[in-house]
Amino acid sequence: MIRRPPRSTQSRSSAASDVYKRQVYRDYKWRYVVLALYFLASLTSGLLWISFAPLTNTLKRLYGISSYELNTLTLLYNGLYFPASFVANWAIDQKSLKFAVVTGVGLTAVGSCLRALVNFTGFYIVITGQIFAAFAQPFLLNGVTKLTVDWFIPQQRAFATSVGFNGNQIGIVLGYYTPFLFINDNASTSIEDLKQQINYLVLFQLAVIAFVFILTVCLFKSKPKSPPAPAATRRHEDYIKTLKDSMKNRNYLLFGTGYALNLATYIALSTNLNAVMTPFDFEDHNSGEAGSILNFVAIAGQLIIGCAVSSPKNFRLLILLVFILAAGTQGFMGVVLAANDTRLLYGFAILLGLAYCSVWPMCAEFACEVNYPHGEGATLGLMGSFGNIIGIVLTLISTKILEDGTRDSANSAIFFFTWTLALGSILVLLTSNKTNRSDAEALMP
């Protein structure tokens, strides 16, 4: 047990120094197992979020539903993220990371079970299942920075955060790609055959999620016996106070909103990618493949950047440059689609993936730097909530813009996305390059 020095006889800094001198720091090999399990847990969330989006035309034909009803599946994730984050952040920072992750995977499994009943009860059971999965999302996404600070030394945090983020990204890639392993919708495919193929898809998803749930319950650990670095030893203050103080932190609000606009634009584009591409004579499988490429490249970019850049002092500049690249790249999307060349489309998806998502893990780490000493769960959760709330608004606006299905409407939506990305870049530019967590650790023996 660590003995606290008397407050009356020592300054705050010397008290902290005395505590940390008595603390033994150690990194455990089991951290890689925990990180792998977290990766798989967050994968399940991405898998269910987007897996029906590439099947827009097929699902309309099968179940007689509208684009708005289909978009409900993704909007639920965005809409429930904010209220669910309050519960999830409390669980992560005040209970334990394992409690949060097991809860998240369990709720996702329940949602997947309900989705598997789609051909027995109708499409609205999918929406019910999606509510459970959507509520689970912040339990699985908001804890990545908590995991890295509790298990990894400072030099490894950026890379570990990239790996944790990539679970959700790979889940999204699988969500785009796996439907076409099971679904073969052409003129000769009957309604009954299509429904059977849908059954195979939802049962495959359920099997994956159930397997991950069992692994998580059996093997996941919240934290090691000894912390890896001083930041892992601090006690977090009251959760409500953390929220209030975070909302008063101007630097955190500027950066968090800039990140939120980037995330929100990605959400809106992912949801309506098929609708943006269809007026240019692309088919469902083209949007699915483009979405898969975009996310796969984002994963590679996150890992490369996580390995190459470990100093928090460099995070803000790199984030700003990538956000500017995202706005510039998005602006050329209409030109690329008008060329109606799949090779050009897939090349553009590579560039867009690097521009949109490659620095998201770095954004999470930098947010924890500027909002230190407040808890990682609350810091990332609030920022994610901003993104999802704005994502709902952008998705609804872009869906309305795309309603008439013309090239002009698609170009208008692309222009709209470009300006939201540009605004996000401006907010990051206005953010001060403060690295409070690293500066504090540098003063600790």
Side-chain angles (χ1 to χ4, degrees), residues 50 53-54 56-57 67-68 70-71 74-75 78 172 176 257-298 301 320-360 387-428:
I50 207 70
T56 300
N57 295 328
S67 296
Y68 279 102
L70 276 173
N71 285 348
T74 51
L75 289 174
N78 311 135
I172 293 171
Y176 271 116
T257 307
Y259 164 82
L261 283 166
N262 184 280
L263 172 61
T265 308
Y266 168 81
I267 289 169
L269 178 63
S270 297
T271 304
N272 285 308
L273 184 59
N274 187 280
V276 171
M277 292 175 59
T278 298
F280 295 93
D281 302 321
F282 288 98
E283 299 178 1
D284 282 2
H285 70 88
N286 295 130
S287 64
E289 290 163 359
S292 296
I293 292 170
L294 187 155
N295 284 283
F296 182 78
V297 171
L320 176 60
L321 292 175
V322 172
F323 276 24
I324 292 172
L325 175 64
T329 305
Q330 180 66 61
F332 283 97
M333 188 175 187
V335 176
V336 172
L337 294 178
N340 197 242
D341 185 325
T342 54
R343 288 176 297 181
L344 181 61
L345 171 68
Y346 298 153
F348 180 77
I350 291 173
L351 182 58
L352 203 61
L354 287 173
Y356 257 104
C357 317
S358 59
V359 292
W360 283 358
N388 280 275
I389 291 170
I390 298 171
I392 293 174
V393 176
L394 299 192
T395 299
L396 292 174
I397 292 173
S398 56
T399 300
K400 185 66 176 177
I401 293 172
L402 292 161
E403 202 169 34
D404 61 4
T406 64
R407 291 194 177 192
D408 285 343
S409 65
N411 282 320
S412 296
I414 292 168
F415 181 78
F416 174 64
F417 294 148
T418 302
W419 278 105
T420 57
L421 291 171
L423 179 58
S425 302
I426 292 170
L427 293 176
V428 173

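Quick caveat, the model's predicted, so the values are computed rather than measured.
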Looking only at heavy atoms, which two atoms of [X] and [Y] are closest? And how far apart?
X: Ala413; Y: Ile401; result: N-CG2, 3.7 Å
X: Leu320; Y: Ser425; result: CD1-O, 3.4 Å
X: Gly353; Y: Val297; result: C-CG1, 4.4 Å
X: Ala260; Y: Gly387; result: CB-N, 3.4 Å
X: Ala410; Y: Leu402; result: CA-CD2, 3.6 Å

Q) Is the shortest heavy-atom distance from the side chain of Ile414 to the side chain of Leu337 under 4.5 Å? A)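 Side-chain contact under 4.5 Å: yes.
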
**Q.** Side-chain heavy atoms of Phe416 within contact of Leu394, under 4.5 Å
**A.**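 Side-chain contact under 4.5 Å: yes.
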
Q. Do Ser398 side-chain atoms and Thr395 backbone N/O form a donor-acceptor pair below 3.5 Å?
A.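 Answer holds: yes.
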
Q: Measure from the side-chain N and O atoms of Asn286 to the backbone N and O of Phe282, and report whether any donor-acceptor pair falls under 3.5 Å.
A: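 Looks like no, no N/O pair under 3.5 Å.
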
Q | Test side chain to side chain contact (heavy atoms under 4.5 Å, CB included) applied to Leu352 and Val336, Leu294, Leu325, the passing residue | A |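 Looking at Val336, Leu294, Leu325, the match for Leu352 under the side chain to side chain contact (heavy atoms under 4.5 Å, CB included) is Leu294.
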
Q: List the steps and the verdict of side chain to side chain donor-acceptor pair (under 3.5 Å) for Asp408 and Ser412.
A: CA-CA 6 Å; Asp408 285 343; Ser412 296; over 6 Å; no

Q) Are Leu269 and Gln330 close enough, and set up right, to give a side-chain contact (heavy atoms from CB on, under 4.5 Å), and what steps lead you there? A) CA-CA 10 Å; Leu269 178 63; Gln330 180 66 61; 3.6 Å; yes

Q: Quick one: do Leu421 and Leu261 satisfy side-chain contact (heavy atoms from CB on, under 4.5 Å)? Show the steps, please.
A: CA-CA 6 Å; Leu421 291 171; Leu261 283 166; over 6 Å; no

Drop me the distance from [X]'s [atom1] to [Y]'s [atom2], to the nearest 0.5 angstrom.
X: Ser270; Y: Ile172; atom1: OG; atom2: CD1; value: 6.5 Å
X: Met333; Y: Thr418; atom1: CE; atom2: OG1; value: 9.5 Å
X: Tyr346; Y: Ile293; atom1: OH; atom2: CD1; value: 6.0 Å
X: Leu427; Y: Phe323; atom1: CG; atom2: CZ; value: 10.0 Å
X: Leu354; Y: Ile350; atom1: CG; atom2: CD1; value: 8.0 Å
X: Met277; Y: Asn340; atom1: CE; atom2: CG; value: 9.0 Å

Q) Got more than 12 heavy atoms from elsewhere within 6.0 Å of CZ, Phe296? A)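 Count not over threshold, so no.
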
(Q) One pair to check against side-chain contact (heavy atoms from CB on, under 4.5 Å): Phe348 and Thr329. What are the steps and the verdict? (A) CA-CA 8 Å; Phe348 180 77; Thr329 305; 3.6 Å; yes

